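Take a look at the structure below.
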Protein chains: 2
Amino acid sequence: MVPIRKTPTIQDVARQANVSAATVSRVLSSPDRVSKTTRERVQAAVSATGYTINQAARSLRLRNARTILMAAPNIGNPYYSTVLDGVIRAASERGYSVLVATRLGQDPNRWLADYLHSNRADGLLLFDGSLDTFGINGSDEEGPNLPLVAAYDEIPDPRVNSVLVDNRAAAARATRHLIELGHTRIGHLMSPSRNKSLHERRIGFEQAMQEAGLPIRPEWMMQGDHSLGTGIAAGEHLLAQSERPTALFCGNDEMAIGVVHRLRLAGVECPRDLSVIGFDDIAVAAFAAPPLTTMRQPREDIGRFATNTLIDIIEGVIPADEPVHVTLRAELVLRESTRRA
Amino acid sequence: MVPIRKTPTIQDVARQANVSAATVSRVLSSPDRVSKTTRERVQAAVSATGYTINQAARSLRLRNARTILMAAPNIGNPYYSTVLDGVIRAASERGYSVLVATRLGQDPNRWLADYLHSNRADGLLLFDGSLDTFGINGSDEEGPNLPLVAAYDEIPDPRVNSVLVDNRAAAARATRHLIELGHTRIGHLMSPSRNKSLHERRIGFEQAMQEAGLPIRPEWMMQGDHSLGTGIAAGEHLLAQSERPTALFCGNDEMAIGVVHRLRLAGVECPRDLSVIGFDDIAVAAFAAPPLTTMRQPREDIGRFATNTLIDIIEGVIPADEPVHVTLRAELVLRESTRRA
DNA sequence: CAAGTTCGTGTAATCGATTACACGCTGACG
DNA sequence: CGTCAGCGTGTAATCGATTACACGAACTTG
């Protein structure tokens, strides 16, 4: 019967190797500062004891956590989960752990502060533009003082680093696709407008329409919230109208799928009666009925890029006082939900 | 110009309130042990300084992290992301943070050990049955000594706590659904069999077939790996046969969608020519073409339940030496991919 | 009024790793 | 042979929170 083996500490290793704890620490962090013979003795002791570092002690001493926090309004959403995958991979490559937080019922400005001021995470990946970053960053005058990278959604504060897709250009591209197919009666199911990045999609739509000299009909501009539910509601809104558009640009794929689903129940088939283009290219899109034409966001790249930027800032590779703004491009993916007018 | 404000410590609060750090600590953890007047003074000092606890210091002293680790082979998978959502919510309610780890290219038995022995996490939620739990638990004879709950996949070791779906019963239910619709020529696209839980789905299928006195045709038993790709391959396998089944039970929804997709390209329509039932009810399923009949797994419940069980074990609410085995039920969701033979 | 409780608070040790500083040894050089 | 540089290692302080123990004050009780 082996007695309960406590997790070995650096002291245990030191004793085993007949050196001081300081030397063990040096072997682990800067091996060249230790003579070859002691180094080997210590390394043997490490594997003999099965020592692993106690992160809490290390964090306390070094005032960092080698951990980043990813915050998203809803991780269950397939959009974010792909991003998260990229985040985890990038973080892991650089020796960082990933904490995940989701917005819960609480005060939106409180839920993160706790994590960040408490030395649990060294930086924040923010995928939620509705947050007041000042609440996280301390007083306004100081500016951001905690490593923070915003992605997916733009933060009004230009001092915040960001990794974004060029939503305006992508939305214009999507709209032009419909125009190139010969459509002139085009509607838009809009994304929530309090989110600045998403609002850009509407602007891109309007620009493309104006450039083509096409009218923007108010009754075909519908407000959605990115849920399937609003897609279905938009479908009903369209069904109630005497004159319907022949093409529709939706602010995201979920809403597009909702619209298509609702219209089909009423015998209005996509793309026969209505061409629909979405945005994001979530995994579902390719297998929806019909497979959805959409603007693909490089979600995993967004995750990786944002993570690497964040860690660069944390480690001082990038100076913290010069905000980084990266813009990635979305790509048109042609499938079967759009066709010639 | 305000000087750079360092994160306030418990000492700063103590100074501000004219008490000792011990008293501040007591106000925070057991307020009734402190007199009303000092308590209020301390609370005022806490808000005045904006103090938040330093988790690293707390973890070091208390030898816990108030953090759990969720490990899944692939978080980008929509299946796991819903589970993760349940995990985060349940953990958050109990004051725990969630670290997420994904299997990377490395040695499967090493990637977790580090997290757990290093005081970063107090327990592990394991969603990957291919791991050798002994590597995590220390020597065999000791048995599990680190709080661990396995979900989704069954761990061969009965001493490991688990939260699972009754895969065999659910698979039998799915198969009986096809039989009740009058199908007699039924195939099965199998899940990976090295995973014990998933293998149960095959057994459930075979049991239901046998009970109904229906033959199991080897050429209609196909091996998949839960990806869309194997669904497509299975579709091709079926297309190459002279005699095809009229119904197919797929080990998960992705494969089902792949099969349907591939067959349609060849003019074989679901459900007209082939009824297909999936498993899991991932978000896509309802909006696939056609909407997929499937067995719904209570994914968020699995996440919540597993998390609460894990935290109960960590906190000693449940004795660690009596393994917990919870079985949840999957539910038949009727949509349009199955019809009468 | 002495002795014993109870209550509220402070003192100091502790968790485990890191690192500035000090010290001793070796070897080079004038 | 004395001095000094450089290398390798140990000593001890430190990070911030928790808590066993001690202590003094107030209160109870015979």
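Computation of the quantities below employed the complete heavy-atom set of this structure, encompassing side-chain atoms and omitting hydrogens, waters and symmetry-equivalent molecules. Nothing here was measured: the structure is a model prediction, and the numbers come from that model.
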Rounded off to whole Å, could you give me the [atom1]-to-[atom2] distance for the [X] and [N] pair?
| X | N | atom1 | atom2 | result |
| --- | --- | --- | --- | --- |
| A/Y51 | C/dG16 | OH | P | 10 Å |
| B/L60 | D/dC15 | CG | C1' | 9 Å |
| B/Q11 | C/dT11 | CD | P | 11 Å |
| A/R26 | D/dT9 | CZ | P | 8 Å |
| A/R63 | C/dT18 | CZ | P | 15 Å |
| B/D32 | C/dG8 | CG | P | 10 Å |
| A/N119 | C/dG16 | CG | C1' | 15 Å |

| task | For C/dT9, take OP1 and OP2 only and decide whether either is under 4.0 Å from a side-chain N or O of B/T38. | result |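 Yes, such a contact exists.
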| Does OP1 or OP2 of C/dT18 have a side-chain N or O of A/R58 closer than 4.0 Å? |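 It does, given that an N or O in the side chain of A/R58 lies less than 4.0 Å from OP1 or OP2 of C/dT18.
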Return the nearest nucleotide to the side chain of [X]; candidates are [options].
| X | options | result |
| --- | --- | --- |
| B/A22 | D/dG10, C/dG10, C/dA17 | C/dG10 |
| A/N54 | C/dG16, C/dT18, C/dT9 | C/dG16 |
| B/S25 | D/dT19, C/dT18, C/dG8 | D/dT19 |

| request: Would you classify B/V24 as touching base, sugar-phosphate or nothing, given that sugar-phosphate means primed atoms plus P, OP1 and OP2, and contacts are heavy atoms under 4.0 Å? | output: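 Counting heavy atoms under 4.0 Å across all strands, no contact is made by B/V24.
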| said: Heavy atoms only, 4.0 Å cut-off, all strands: where does B/L62 land among base, sugar-phosphate and nothing? | reply: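 Contact class for B/L62: sugar-phosphate only.
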| Counting only N and O atoms by type, is there a donor-acceptor contact under 3.5 Å from the side chain of B/N119 to the main-chain atoms of A/N54? |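 Answer holds: no.
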| Can you check whether A/P31's main-chain N or O pairs, donor with acceptor, with A/R26's side chain at less than 3.5 Å? |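 Not at all, since once roles are kept as given, no pair shorter than 3.5 Å links the two residues.
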| message | If I compare all heavy atoms of A/A21 with all of A/A14, which pair ends up nearest, and what's the gap? | response |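 Taking A/A21 first and A/A14 second, the nearest heavy atoms are N-CB, 3.6 Å.
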| message | Suppose we screen for ring-ring contact (aromatic ring centres under 6.0 Å, His included). Which residues come up paired with B/Y152, at least two apart in sequence or across chains? | response |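 Applying ring-ring contact (aromatic ring centres under 6.0 Å, His included) to B/Y152 gives B/Y79, B/Y80.
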